[in-house]
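This is a predicted model, so every value here is computed, not measured. Residue numbering restarts at 1 for every chain, and letters A, B, ... go by the order of the sequence lines.
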Amino acid sequence: MAQAQPGPWDALGAAVLTPIEGRSGPAHSTLFDFEQPLVSETTDPLDALNEFERQRVSLAGSVDPARLSRLLAAESVGALIAAEMRFAGLPWSVSAHDQILTEMLGPRPTVEGDRPSKLQFLAEKIRSLLDAPQLNPDSPNDLLRALTVAGVQTTSTRAWELKQLKHPAIEPLLEYKKMSRLLAANGWNWLDSWVRDGRFRPDYVPGGVVTGRWATSGGGALQLPHLIRGAVIPDAGWKLVVADASQLEPRILAAMSADRGMVEAGASGDLYEGIVASGAVETRAQAKLAMLGAMYGATTGESGRLMPKLARAYPRAIQMVEDAARAGERGEVVSTQLGRGSPRGADTGTYDDSLTPAQRSAERERGRSWGRFTRNFIVQGTAAEWALCWMASIRVRLDALAAGTWLTESPHLVFFLHDEVVIHSPAESAEAVAVLVADAAHEAGRLLFGGLPVTFPLTVAIVDRYDAAK
DNA sequence: GCCCAATGCGCC
DNA sequence: AAAGGGCGCATTGGGC
């Protein structure tokens, strides 16, 4: 499957929602009749049974059919959940959103394209402080020029670079950037485009990311700023159950490498404190930094310096990500826990004497960069698999909780964010949902790692506003 | 007018 | 508070 050339199914995209006309389904075979050979009477390249049969054949020939079929099942449930979440929608209060915007930016301008009052005030202040009356603070070019003329030394206008600088204009400028960003990304225009009948309906793209993570197209659901999460408010008599997996990716690394020490460090609840307790590093902040470095491939800075300590304390876990990085540099495919393969890179390890030293050096850096990708791929991709299994298990349990009701009449998933879910639930069911979500996290661990004693603790909150969940 | 790259920043 | 991985989106500013 992964090796197969893209076919007509891959090209479907949004068109999948359009019914195919003039075709009646097979009359005598049922979808789950596995014992019957699935010989389709049609040559339609979009025939679902044909595709299903191709997948079965491919599975049977795979290295580990049990794991890969689990991945297929998880992906299938994920696709269903994505459609259901879009159907149900995330409860969204237009008035709460407007209130947030008005507080931060000033009231919505009556003339389209005008700056809201507070933003306009800041723009004038920056112009005056930089002595640049024509300055458009939204134009990086313009801004860089004005800063240089005012004697501020910088090569870019990125917020984190500006923060290092000393000039009276910097503070209002940073404030302006934050506000301008809110207006452009999630302002009134966004509200008009994406919220209908009190619901935000993101267009999820399951498996849209190369690692297996979901993507979205339009609406930017996976980048929903914390600033506006106060607009996510349940219906009257309902609650939001917000659950996120604590330190998911480091725990995934511990589990997939079966690094006993790291698994035990996570057993008490805070993996980073566990790492400190083991004596590997001195502070929680160091533990976090070192783990991030291990998973992303940090080479410099404090993160890079802490890596050897981590490698001494947790040799198996670190060896696993190092191996993934080296494999990537050689152009090899690496794989997640359930068998999703990475794309094949170019082999940059072999010596090619037709290249100039500069070319060889560029080639090496390209290889290292690909190695950082494959290093992260196995962790990010397996975390995505855990999240799919988690959601699938949540859905099964929600189904059992409220059998025989419509999706939106009983507790249902309304939002997903890589390691976090939101469930819209009648108030009286919220406690039960909070319990079931934690049970599902245990089950996800079992589905991926069998009997390994790994824990995936959650932070669960029952709230009346999304941003009330910490 | 449309198309595209660069820039910057939101999320995990 | 970036560095190191993965994304999507709005805006600017250049090309045609």
A.B. asks: Is any side-chain N or O of A/His418 closer than 4.0 Å to OP1 or OP2 of B/dC11?
C.D. replies: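 For B/dC11, neither OP1 nor OP2 has a side-chain N or O of A/His418 closer than 4.0 Å.
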A.B. asks: Starting from P on B/dC9, measure out to CG on A/Leu174 and report it in whole angstrom.
C.D. replies: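 A/Leu174 atom CG is separated from B/dC9 atom P by 9 Å.
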A.B. asks: Counting any heavy atom closer than 4.0 Å, what does A/Arg229 reach on the DNA or RNA strands: base, sugar-phosphate only, or nothing?
C.D. replies: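 The residue A/Arg229 makes sugar-phosphate contact but no base contact.
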A.B. asks: Choosing from B/dC12, B/dG10, C/dA3, which nucleotide comes nearest the side chain of A/Asp419?
C.D. replies: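 Closest nucleotide to the A/Asp419 side chain: B/dC12.
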A.B. asks: Looking at the angle O4'-C1'-N9-C4 for a purine or O4'-C1'-N1-C2 for a pyrimidine, is C/dG4 syn or anti, with syn meaning within 90° of 0?
C.D. replies: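 This nucleotide is in syn.
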A.B. asks: Look at A/Asn376 and C/dG4 and indicate whether a side-chain polar atom (N or O) is within less than 4.0 Å of OP1 or OP2.
C.D. replies: no
A.B. asks: May I ask you to say what A/Gly219 touches in the nucleic acid, namely base, sugar-phosphate or nothing, with a heavy-atom cut-off under 4.0 Å?
C.D. replies: sugar-phosphate
A.B. asks: Can you tell me how far P of C/dG5 sits from CE of A/Met291, to the nearest Å?
C.D. replies: 17 Å
A.B. asks: So A/Trp214 and A/Phe416, would you call those rings parallel, tilted or perpendicular, with 30° and 60° as cut-offs?
C.D. replies: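 Perpendicular, since the angle between the ring planes exceeds 60°.
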A.B. asks: Are OP1 or OP2 of B/dG10 and a side-chain N or O of A/Arg181 less than 4.0 angstrom apart?
C.D. replies: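 Checking A/Arg181 against B/dG10: no side-chain N or O falls below 4.0 Å of OP1 or OP2.
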A.B. asks: Pick the C1' atom in B/dA6 and in C/dG4, then give their distance to the nearest Å.
C.D. replies: 22 Å
A.B. asks: With a non-hydrogen cut-off below 4.0 angstrom, is A/Ser156 in contact with a base, only sugar-phosphate, or nothing?
C.D. replies: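 The answer is sugar-phosphate, as A/Ser156 gets under 4.0 Å only of primed atoms, P, OP1 or OP2.
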A.B. asks: Looking only at side-chain N and O atoms, does A/Lys178 come under 4.0 Å of OP1 or OP2 in B/dC9?
C.D. replies: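 Indeed not, no polar side-chain atom of A/Lys178 lies that close.
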A.B. asks: Please determine whether any donor N or O and acceptor N or O are separated by less than 3.5 Å between the side chain of A/Arg213 and the base of C/dC7.
C.D. replies: no
A.B. asks: C/dG4 C1' sits how many Å from A/Leu310 CG, rounded?
C.D. replies: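 Between C1' of C/dG4 and CG of A/Leu310: 14 Å.
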A.B. asks: Between the side chains of A/Arg127 and A/Glu124, is the shortest nitrogen-to-carboxylate-oxygen separation below 4.0 Å, so that they form an ion pair?
C.D. replies: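 Looking at A/Glu124 and A/Arg127, the cut-off is met.
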A.B. asks: Atom CH2 of A/Trp188 and atom P of C/dA10: how far apart are they, to the nearest Å?
C.D. replies: 17 Å
A.B. asks: State the pairing partner of C/dG4; accept Watson-Crick or G-U wobble contacts with both distances under 3.5 Å, and report none otherwise.
C.D. replies: none
A.B. asks: With heavy atoms under 4.0 Å as the rule, sort A/Leu289 into base, sugar-phosphate or nothing.
C.D. replies: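 Counting heavy atoms under 4.0 Å across all strands, the contact made by A/Leu289 includes a base.
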A.B. asks: Do A/Tyr314 and A/Ser278 have a side chain donor and acceptor closer than 3.5 Å?
C.D. replies: yes
A.B. asks: Of the candidate nucleotides B/dC9, C/dG5, C/dC7, which contains the atom at the shortest distance from the side chain of A/Ala159?
C.D. replies: B/dC9
A.B. asks: Do the side chain of A/Arg158 and the base of B/dC9 come within less than 3.5 angstrom through a donor-acceptor pair of N or O atoms?
C.D. replies: no
A.B. asks: Determine whether A/Tyr176 and A/Arg115 make a side-chain contact, defined as any pair of heavy atoms from C-beta on separated by less than 4.5 Å.
C.D. replies: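 A/Tyr176 reaches A/Arg115 side chain to side chain.
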A.B. asks: When you check the gap from the basic side-chain N to the acidic O, do A/Arg326 and A/Asp323 get nearer than 4.0 Å?
C.D. replies: no
A.B. asks: Using every non-hydrogen atom in the two residues, find where A/Arg251 and A/Leu271 come nearest and quote the distance to one decimal.
C.D. replies: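 Scanning both residues, the minimum pair turns out to be NH2-N, 3.6 Å.
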A.B. asks: Using the closest heavy atom to pick a nucleotide of DNA chain C for each, name whichever of A/Gln380 or A/Glu302 lands nearer the 5' end.
C.D. replies: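 That would be A/Glu302.
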A.B. asks: Could you state the CG-C1' distance from A/Asn186 to B/dC11, rounded to the nearest angstrom?
C.D. replies: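 In whole Å, B/dC11 C1' and A/Asn186 CG are 11 Å from each other.
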A.B. asks: Under 4.0 Å between a side-chain N or O of A/Ser139 and OP1 or OP2 of C/dG13?
C.D. replies: yes
A.B. asks: Looking only at side-chain atoms of A/Val210, point me to the closest of B/dC11, C/dT11, C/dC7.
C.D. replies: C/dC7
A.B. asks: Using a 6.0 Å cut-off, check whether atom CG of A/Asp439 has over 12 heavy atoms from anything other than its own residue.
C.D. replies: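 Yes - once you tally the heavy atoms of other residues, nucleotides and ligands closer than 6.0 Å, there are more than 12.
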A.B. asks: Looking only at the side chain of A/Ser369 (C-beta and beyond, no hydrogens), which of the listed nucleotides C/dG5, C/dT12, C/dC7 gets closest?
C.D. replies: C/dG5
A.B. asks: Can you tell me the distance, in whole Å, between the CG atom of A/Leu417 and the P atom of C/dG6?
C.D. replies: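 Value for this atom pair: 18 Å.
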A.B. asks: Nearest to the A/Gln223 side chain among C/dG6, B/dC11, C/dG4, which nucleotide is it?
C.D. replies: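 Nearest listed nucleotide: B/dC11.
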A.B. asks: Using heavy-atom distances to pick each residue's nearest nucleotide on DNA chain C, tell me which of A/Trp194 and A/Lys163 is more 5'.
C.D. replies: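 Closer to the 5' end of DNA chain C: A/Lys163.
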A.B. asks: Go through C/dG4, B/dC11, C/dG6 for me and flag the one nearest to the A/Arg372 side chain.
C.D. replies: C/dG4
A.B. asks: Let me know the distance between NE2 of A/His226 and P of B/dC9, rounded to the nearest Å.
C.D. replies: 18 Å
A.B. asks: What is the distance, to the nearest angstrom, from the CG atom on A/Leu182 to the P atom on C/dT11?
C.D. replies: 12 Å
A.B. asks: Does the side chain of A/Lys177 get closer than 4.0 angstrom to OP1 or OP2 of B/dG8 through an N or O atom?
C.D. replies: no
